[in-house]
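Here is the structure we will look at.
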Amino acid sequence: MRYWILAIGFSTALTLPHILVTLSDAPSTEPEFQLREFARQPGEAEYSKDSQRGVVRVQGSSRPLTEKFVQQSVAKRSPEQSAYVSIWHWQGIREAAASARGLDSEHHFANSYLVGFKPFKTKQLWVPLYTLAMRKEYQYDHLQYAGLADIWQTSRQAYYQKRGDCEDHAILLADWLIELGVDARVAMGTHNGEGHAWVVAIVGNKEYLLEATSKRRETSWQAMPLAELAEGYDVEFQFNRYFFWAKKDSRPTRKYRGSHWIKKSQFIRG
C-alpha cells in the first residue's frame with residue numbers, strides 16, 4: 001500500500017472521495033511445526049467460512065453505520081474513487097470508521113478483516129512474525145490483482161495466500177497476536193511519507209511496533225522495537241477486531257494510547 005484515499009462524509013451521511021508479550025525469548029522448536037503446517041491448502045469452504053457482515057456503532061451517533069450503506073455509497077463512485085481505503089464521516093462525526101475492498105470485490109469495515117484466525121497454537125509471541133517472514137511474499141496489489149489498486153485479505157486469507165502487501169501482513173499478524181491474548185492493533189498511516197500499515201502490540205504495558213512485512217527471522221521478542229523508538233512511522237488511525245481509533249489532531253505521535261486518541265466506533269459482527 002503506497003498511499004491512502006479518504007472517503008469523506010458530509011451532512012448526515014453521504015460520502016465523497018478526498019485525496020489525501022509474560023514472554024519467553026528462548027528459541028523453540030515450533031518453526032518445524034510451522035513448516036508442516038505450510039503444506040495445508042484451503043478449499044473454497046475454508047475461504048468462505050468467515051462472515052464479514054456487521055454494523056458500526058459510532059460514538060455520539062444515534063444510528064449505526066451499516067455495511068449496506070457503505071457498499072451502496074461506494075457503488076456510486078467511479079472505480080478509481082472506490083479503489084482505496086475509505087475513511088467515513090457519519091452524522092457529523094469525523095473519521096468514524098474505515099472500509100476497504102476485499103477479495104469478493106465489496107467494501108467491508110476494516111475491523112471485519114480480523115476474523116479471529118489462529119493458524120496454530122504457540123506460547124512464543126515472536127512466532128507469528130517469524131512465520132510471516134518465512135511464509136508470505138510482499139507484492140503490491142496492482143501487480144497481484146490485474147491492476148486493481150487496493151484489495152484487502154482477511155487474516156485467514158492472508159495466511160493461505162502466498163502474496164500480499166502491507167495491510168495483508170498486518171491484519172494476519174494482529175489477529176494472530178490477539179488470539180494469543182495480546183492487545184494488538186493494525187496501525188494505518190505513512191512510513192517515510194508513503195501510505196503504510198503495521199502492527200502495534202501492547203505487552204507488559206509497553207508498546208512495540210512490529211513491521212509485519214519484515215522478512216528478518218527474529219527468534220526473540222527482545223528484537224522487537226519499542227514504538228517510541230521506531231522512526232519514520234506516522235500513524236493516523238488504528239483498529240482491532242472491535243474498535244476504531246483516530247487521533248485528535250494531526251500532530252505526529254509515537255504513542256498509541258492516551259488522551260490524544262479517540263475511540264470513534266465499535267464494530268459489531270453479524
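This structure is a prediction, so every number in the text was calculated from the model and none was measured.
If you take OG on S112 and NE2 on H107, they are separated by 11.5 Å, rounding to the nearest 0.5 Å. To the nearest 0.5 Å, the span separating CD1 on I178 from CG on D183 amounts to 7.5 Å. Between I151 atom CD1 and D104 atom CG the span is 9.0 Å, to the nearest 0.5 Å. Atom CD of Q59 and atom CD1 of I93 lie 9.0 Å apart (nearest 0.5 Å). Here the OH-CG distance, from Y113 to D50, works out to 12.5 Å after rounding to the nearest 0.5 Å. Of the inter-residue distances, the one linking D168 atom CG with L173 atom CG reads 12.5 Å to the nearest 0.5 angstrom.
Side-chain atoms of H196 and E211 include a donor-acceptor pair closer than 3.5 Å. Residues H108 and E67 bring a donor and an acceptor atom of their side chains to less than 3.5 Å of each other. Side-chain atoms of Y159 and Q153 include no donor-acceptor pair closer than 3.5 Å. No side-chain donor from either of S86 and R101 sits under 3.5 Å from a side-chain acceptor of the other.
The hydrophobic cluster containing M188 also contains L114, counting ILVMFWY residues as joined when their side-chain heavy atoms lie under 4.5 angstrom apart, directly or transitively. Note on Y208 and L177: same hydrophobic cluster, where clusters join Ile, Leu, Val, Met, Phe, Trp and Tyr whose side-chain heavy atoms are under 4.5 Å apart, directly or indirectly. Cluster annotation: V182 is connected to W126 through the hydrophobic network of ILVMFWY side chains, with a link wherever side-chain heavy atoms come within less than 4.5 Å. L226 and V200 are assigned to two separate hydrophobic clusters, defined by single-linkage of ILVMFWY side chains at heavy-atom distances under 4.5 Å. Residues W245 and L65 do not share a hydrophobic cluster, clusters being chains of Ile/Leu/Val/Met/Phe/Trp/Tyr side chains in contact below 4.5 Å.
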Practice task
Assess whether side chain to side chain contact (heavy atoms under 4.5 Å, CB included) is satisfied between R269 and F267, documenting all intermediate values.
Solution key: CA-CA 6 Å; R269 193 182 301 269; F267 175 69; 3.7 Å; yes

Exercise for the section: List the steps and the verdict of side chain to side chain contact (heavy atoms under 4.5 Å, CB included) for V199 and H169. Expected result: CA-CA 9 Å; V199 172; H169 284 72; over 6 Å; no

Exercise for the section: I would like to know whether D150 and W152 meet side chain to side chain contact (heavy atoms under 4.5 Å, CB included); could you show each step before the answer? Expected result: CA-CA 7 Å; D150 198 25; W152 283 26; 3.5 Å; yes

Practice task
Apply side chain to side chain contact (heavy atoms under 4.5 Å, CB included) to the pair Y233 and N192, showing each step before the final yes or no.
Solution key: CA-CA 7 Å; Y233 292 85; N192 293 334; over 6 Å; no

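A pairwise comparison of heavy atoms in L209 and A230 identifies CD1-CB, 3.8 Å as the closest pair. Here the closest non-hydrogen pair linking P128 and L125 is CD-O, 3.4 Å. D175 and R241 make their closest contact through OD1-NE, 2.7 Å (heavy atoms, listed as atom of the first residue, atom of the second, distance). Between A174 and A184, the closest heavy-atom pair is O-CB, 3.7 Å. Closest heavy-atom contact between A96 and S265: O-OG, 2.6 Å. Summarising the geometry of E95 relative to A246, their closest heavy-atom pair is OE1-CB, 3.8 Å, with the distance given to 0.1 Å.
Contact of the L172 side chain with the L132 side chain is registered, since non-hydrogen atoms from C-beta on lie closer than 4.5 Å. Under the 4.5 Å side-chain criterion, counting only non-hydrogen atoms from C-beta, K162 is not in contact with K136. Between L129 and E218, the closest side-chain pair of non-hydrogen atoms is not below 4.5 Å. Using a 4.5 Å heavy-atom threshold, the side chains of V186 and E167 count as separate.
Of the charged side-chain nitrogens involved, none lies within less than 4.0 Å of a carboxylate oxygen, so that K247 and D249 do not count as a salt-bridged pair. A salt bridge is defined here as a Lys NZ or Arg NE, NH1 or NH2 lying under 4.0 Å from an Asp or Glu carboxylate O, and E106 with K68 fails to meet this definition.
Of the listed residues (V58, V70, V56), just one forms a side chain to side chain contact (heavy atoms under 4.5 Å, CB included) with W88, and that residue is V70.
Not a single donor-acceptor pair under 3.5 Å links the side chain of Q161 to the backbone N or O of A158. In this structure, W221 contributes its side chain and Q124 its backbone to no donor-acceptor pair below 3.5 Å. Between the side chain of K215 and the backbone N or O of M134 there is no donor-acceptor pair closer than 3.5 Å.
In this structure, K264 fails the cation-pi test against F244, since its NZ or CZ atom is not both closer than 6.0 Å to the six-membered ring centre and inside 45 degrees of the ring normal.
With sequence neighbours left out, Y242 forms a side-chain contact (heavy atoms from CB on, under 4.5 Å) with N240.
Residue pairs that meet the side chain to side chain donor-acceptor pair (under 3.5 Å) test with at least one member in residues 252-261, sequence neighbours left out, are W198-Y256, N205-R257, E207-R257, T253-H260.
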